[in-house]
Protein chains: 2
Amino acid sequence: MTISQRYQLSLTLLTDMYQLTMAQGYWKKGLAEQEAVFHLYFRKNPFKGGYTVCAGLADALDLLQNFKFTEGDLTYLKALTGSQGQPLFEEGFLQHLRDLTFTCDVDAIPEGTVVFPNEPLLRIKGPILQCQLLETPLLTILNFQTLVATKAARVVEAAQGDPVLEFGMRRAQGPDGALSAARAAFIGGVAATSNVLAGQLFNIPVKGTHAHSWVMSFEEEQESFAAYAEVFPHDSVFLVDTYHTLEGIQKAIEVAREMRKNGAELKGIRLDSGDLAYLSIEGRRMLDEAGFSQVAILASNDLDEYLIESLKLQGAKIDTWGIGTKLVTAYDQPALGGVYKLAALRQPNGEWEYKVKLSEQLAKISTPGILQVRRFSKEGALVGDMIYSEPLGISPAVTMVHPNDPTQRKNFTQECVHEDLLVPVFKAGEQVYTSPDLRAIQQRTKEQLQLLHGTYRRFLNPHLYKVGLEEQLHEKKLALIVQLRTTAQTKGA
Amino acid sequence: MTISQRYQLSLTLLTDMYQLTMAQGYWKKGLAEQEAVFHLYFRKNPFKGGYTVCAGLADALDLLQNFKFTEGDLTYLKALTGSQGQPLFEEGFLQHLRDLTFTCDVDAIPEGTVVFPNEPLLRIKGPILQCQLLETPLLTILNFQTLVATKAARVVEAAQGDPVLEFGMRRAQGPDGALSAARAAFIGGVAATSNVLAGQLFNIPVKGTHAHSWVMSFEEEQESFAAYAEVFPHDSVFLVDTYHTLEGIQKAIEVAREMRKNGAELKGIRLDSGDLAYLSIEGRRMLDEAGFSQVAILASNDLDEYLIESLKLQGAKIDTWGIGTKLVTAYDQPALGGVYKLAALRQPNGEWEYKVKLSEQLAKISTPGILQVRRFSKEGALVGDMIYSEPLGISPAVTMVHPNDPTQRKNFTQECVHEDLLVPVFKAGEQVYTSPDLRAIQQRTKEQLQLLHGTYRRFLNPHLYKVGLEEQLHEKKLALIVQLRTTAQTKGA
């Protein structure tokens with residue numbers, strides 16, 4: 001279920017106020033229909049990592065598909081006043097919004113694709129007024145889901161094939177924070193969620209057994225396990241740390257013996273506190289010695305990729321990982337700094353004028369053009385991504401330049417195969433792309449990560465994947481920057 | 001607009017799977033109607049701070065008010081299967097859910113109240129099956145809004161009376177993350193949001209002017225300012241850092257001169273990059289020298305309470321603060337670790353049995369009872385909060401014991417006035433409390449913070465506000481812990 005289906009209100013006002021004031025500005029100056037190109041991209045991989053997994057496109061497309069101002073939206077805008085008590089928006093502008101339909105071309109990188117800094121995840125081409133209004137919601141959706149899908153991929157990587165379960169709803173940033181996180185975490189590779197509504201809406205497997213309160217609501221811990229086993233003979237995972245963990249494991253074993261007499265097998269035990277390395281090793285030993293080597297050990301308690309890696313190194317005997325807070329909030333970096341920048345503007349003569357946003361830091365200067373990303377691979381491994389501008393094309397040398405260090409260049413040889421990452425998703429306001437099923441997106445993530453050498457996937461000081469600007473684009477960008485700076489200096493003198 | 005009004009789907013499945021499996025367990029064991037008491041509380045103030053501002057109650061109440069399984073919910077649950085492919089939920093249980101109506105008593109601390117670790121923000125008393133199902137959504141809503149309201153209060157504190165604007169939507173954790181954050185930030189004291197939908201839904205003032213793209217879409221920066229001023233003569237704030245900030249300020253001044261000729265005044269300029277201390281001081285000087293001392297300086301760019309404090313110390317001339325990512329994601333601690341613990345269970349004989357969850361750390365052992373928080377004040381300042389159990393009452397000595405160090409005690413004298421913080425919000429499933437208007441809640445936050453001495457409000461090593469357990473409750477808790485540990489040891493030996 002997509003985002004506009006979840007809400008019973010128009011999401012067209014889900015944008016920043018300045019998008020609307022600028023929109024009135026463009027309308028008033030007769031510029032509303034001026035054709036523009038904007039790109040949505042981020043500047044750094046999250047979590048000091050070597051890659052990013054993009055996600056959220058299905059929700060973004062849904063938002064574009066339903067872009068329409070309702071009378072309720074317009075009534076609200078009409079009532080807004082400026083500092084003199086005057087209406088902020090003019091009738092003519094509100095009528096323009098009433099008549100507005102989405103007419104842009106949109107190209108995007110499919111969800112589950114491995115992406116890198118400075119690559120446009122989405123490109124929108126159309127009337128500047130429309131492009132502008134859509135900036136904020138597109139960023140909100142793609143920033144967050146991309147962030148969580150990436151975190152999930154890292155956690156799954158650390159788990160080395162063990163199932164990872166997403167348990168974070170209670171600590172998520174609001175109900176929709178939980179739902180969006182569950183969707184994105186699944187794209188990143190988790191096996192299931194504890195969030196039942198997410199399970200229903202997105203057709204994700206749901207998992208969960210019992211809490212401490214179940215144990216506490218019985219006089220004896222063992223009695224609580226036996227009661228649970230009676231209700232779920234084939235699906236019981238006992239939480240063993242309510243009072244004393246090793247004691248709890250012993251009681252779980254007693255109940256497992258009773259279950260076996262009745263032809264049922266305990267599925268697992270769960271550790272949710274204490275020293276997970278020690279307790280899982282001891283627990284494994286106790287279970288094995290009692291003849292319950294099939295009983296899995298599930299661990300949770302503020303885990304993330306670093307703790308999983310550490311527990312694995314310590315020889316912890318954990319089979320399934322329950323990850324909550326650290327995954328659904330992307331705790332160590334709770335926002336992806338995605339931006340949305342104007343890159344070209346059609347002039348009255350039909351020519352595209354390239355646009356850059358200056359900054360004192362070279363890395364923060366936007367790239368002009370109508371961009372596409374060409375990805376080169378060799379023998380099933382990714383070797384580099386070239387950002388090029390479609391009208392400029394690619395020079396015969398197939399050379400790219402490091403975005404922040406023009407002395408570094410790379411050529412792609414004939415042996416490389418290539419693919420362009422951005423695919424058309426809207427043409428003239430008509431959706432031309434159908435989002436794959438969520439499982440297919442999860443599968444894509446898995447395949448994409450396999451194309452990436454392990455050195456890019458490690459957590460500490462990952463190898464830097466090569467992304468550059470096609471040399472003509474580089475030259476064009478450089479010329480524009482110099483020209484803008486020269487103008488500023490001349491005028492400033 | 002409350003949360004269930006925002007969504008067009010039943011939010012009853014917005015819970016963790018284990019709540020439903022436990023619910024079937026309680027039902028199957030004939031325990032579904034057993035009366036229980038759960039408390040929702042957190043263990044540490046967020047951001048290493050000295051206080052917390054509670055928020056989210058209106059959304060939580062709305063969720064309880066609309067607690068009802070729909071046929072769609074039940075159809076989904078019916079289709080879920082266990083590891084043997086068998087249906088996970090029985091027909092009789094699903095019928096029980098179909099017939100279920102909310103019948104609990106709920107007491108809660110009103111939004112905008114200053115609260116401290118271990119104090120129940122919400123207490124729910126009723127059939128254990130109902131209490132359990134509601135755990136996850138109550139935590140999701142109250143954890144996040146409380147976190148953001150607290151962060152906002154800190155930012156507002158740092159701004160020392162300057163208006164703070166919430167600008168974070170694009171970096172929020174999903175659309176509802178942005179909406180919930182806007183609501184909570186307003187409770188914490190921000191003056192306005194950039195999120196238009198939040199403005200509409202919650203009746204929060206909305207603010208915003210223009211982006212870099214507006215400037216870039218004109219040939220000249222000055223032309224872009226003039227165009228904006230033409231459209232919004234009385235509400236223009238120019239973003240001056242698209243190319244070169246001091247140049248941009250000079251152009252803003254030129255346009256402000258033209259505006260003045262036409263009887264309009266520039267409202268402000270906005271700095272969004274670079275050294276905000278230097279640029280604001282220079283900008284202020286330039287504006288003042290040009291006769292524009294009324295023009296405000298608005299600053300943004302990854303600001304939080306620490307940067308505001310630092311900028312103030314440096315003498316930055318900033319009048320209005322735009323806070324985005326760091327506020328809406330509560331960046332330095334993106335989750336409040338709120339928990340929801342069983343504290344008492346009614347026995348067949350009608351007596352309440354007190355319940356604790358053990359832990360190796362004393363601070364993580366839950367407090368049993370049917371808890372209330374009594375807050376003592378003296379001469380308009382808060383002096384301490386006593387957590388007591390209603391059935392036990394308060395001993396004549398009015399003594400409380402430090403929750404983690406029983407050697408520390410505090411008596412409250414006759415000079416103190418007191419108030420009980422938890423108020424009834426539902427009685428036997430009927431809502432008996434009407435949430436105040438959001439502005440009234442914001443006002444409450446402001447008043448509450450004024451009751452708190454500055455030493456509790458500072459960011460670095462704040463003074464620890466005294467919260468203790470009433471002495472009879474302390475004794476009861478101690479006895480229970482010792483009893484449980486003794487039982488464990490005896491059996492473990």
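Values reported hereafter were calculated over all heavy atoms of this structure, with side chains retained and with hydrogens, waters and symmetry mates removed. In what follows, chains are A, B, ... by sequence order, proteins preceding strands, each numbered from 1.
Between F89(B) and F232(A), the ring planes lie perpendicular to each other; the angle is over 60°, past the 30° to 60° tilted range.
Contacts of K355(B) with chain A are made by both backbone and side-chain atoms, with heavy-atom separations under 4.5 Å. Looking at K267(A), the atoms closer than 4.5 Å to chain B (heavy atoms on both sides) all sit in the side chain, from C-beta outward. There is no contact between Q222(A) and chain B, counting heavy-atom distances below 4.5 Å. Proximity to chain B is limited to the backbone of V356(A), based on heavy atoms less than 4.5 angstrom apart. With a 4.5 angstrom heavy-atom cutoff, D73(B) touches chain A via backbone and side-chain atoms both. At a 4.5 Å heavy-atom cutoff, V148(A) makes no contact with chain B through either its backbone or its side chain. At a 4.5 Å heavy-atom cutoff, the contact between L77(B) and chain A is made by side-chain atoms alone. The contact between E353(B) and chain A is made entirely by side chain atoms (from C-beta outward), counting heavy-atom distances below 4.5 Å. Contacts between S10(A) and chain B at a heavy-atom distance below 4.5 Å involve the backbone alone (N, CA, C, O). Both the backbone and the side chain of F218(A) come within contact range of chain B, with heavy atoms under 4.5 Å apart. Within the 4.5 angstrom heavy-atom criterion, only side-chain atoms of L80(A), from C-beta onward, approach chain B. Both the backbone and the side chain of K357(A) come within contact range of chain B, judged by heavy atoms closer than 4.5 Å. In this structure, chain B has a heavy atom under 4.5 Å from the side chain of H212(A), while its backbone stays farther away. Contact of V328(B) with chain A is made through the backbone alone, with heavy-atom distances under 4.5 Å. Interface remark: L336(A) contributes backbone atoms only to the contact with chain B (heavy atom separation under 4.5 Å).
Here the closest non-hydrogen pair linking T325(B) and A335(A) is CG2-CB, 3.4 Å.
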Pairs of donor and acceptor atoms involving the side chains of residues 13-22 of chain A, under 3.5 Å and at least two apart or interchain, shall be tabulated with distances.
unit_1, atom_1, unit_2, atom_2, d
T15(A), OG1, L133(A), O, 2.8
T15(A), OG1, T136(A), OG1, 3.4
D16(A), OD1, S194(B), OG, 2.5
D16(A), OD2, T136(A), OG1, 3.2
D16(A), OD2, R170(B), NH2, 3.0
Y18(A), OH, R170(B), NH2, 2.9
Q19(A), OE1, Q132(A), NE2, 3.2
Q19(A), NE2, E135(A), OE1, 3.0
Q19(A), NE2, T136(A), OG1, 3.0
T21(A), OG1, Y18(A), O, 3.1
T21(A), OG1, T209(B), O, 2.5
T21(A), OG1, Y228(B), OH, 3.1

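Between L342(A) and S217(B), the closest side-chain pair of non-hydrogen atoms falls below 4.5 Å. Taking the side chain as every heavy atom from C-beta outward, Y76(B) and V206(A) approach each other to under 4.5 Å.
Ranked by heavy-atom pairs shorter than 4.5 Å toward chain A, the options L139(B), V196(B), V231(B) are led by V196(B). By number of non-hydrogen pairs under 4.5 angstrom with chain B, the leading residue of N143(A), D332(A), D241(A), T245(A) is N143(A).
Electrostatic pairing of K251(A) and E220(A) does not count as a salt bridge here, judged by no charged N lying under 4.0 Å from a carboxylate O.
Partners of Y340(A) under the ring-ring contact (aromatic ring centres under 6.0 Å, His included) rule, at least two apart in sequence or in another chain, are F38(A).
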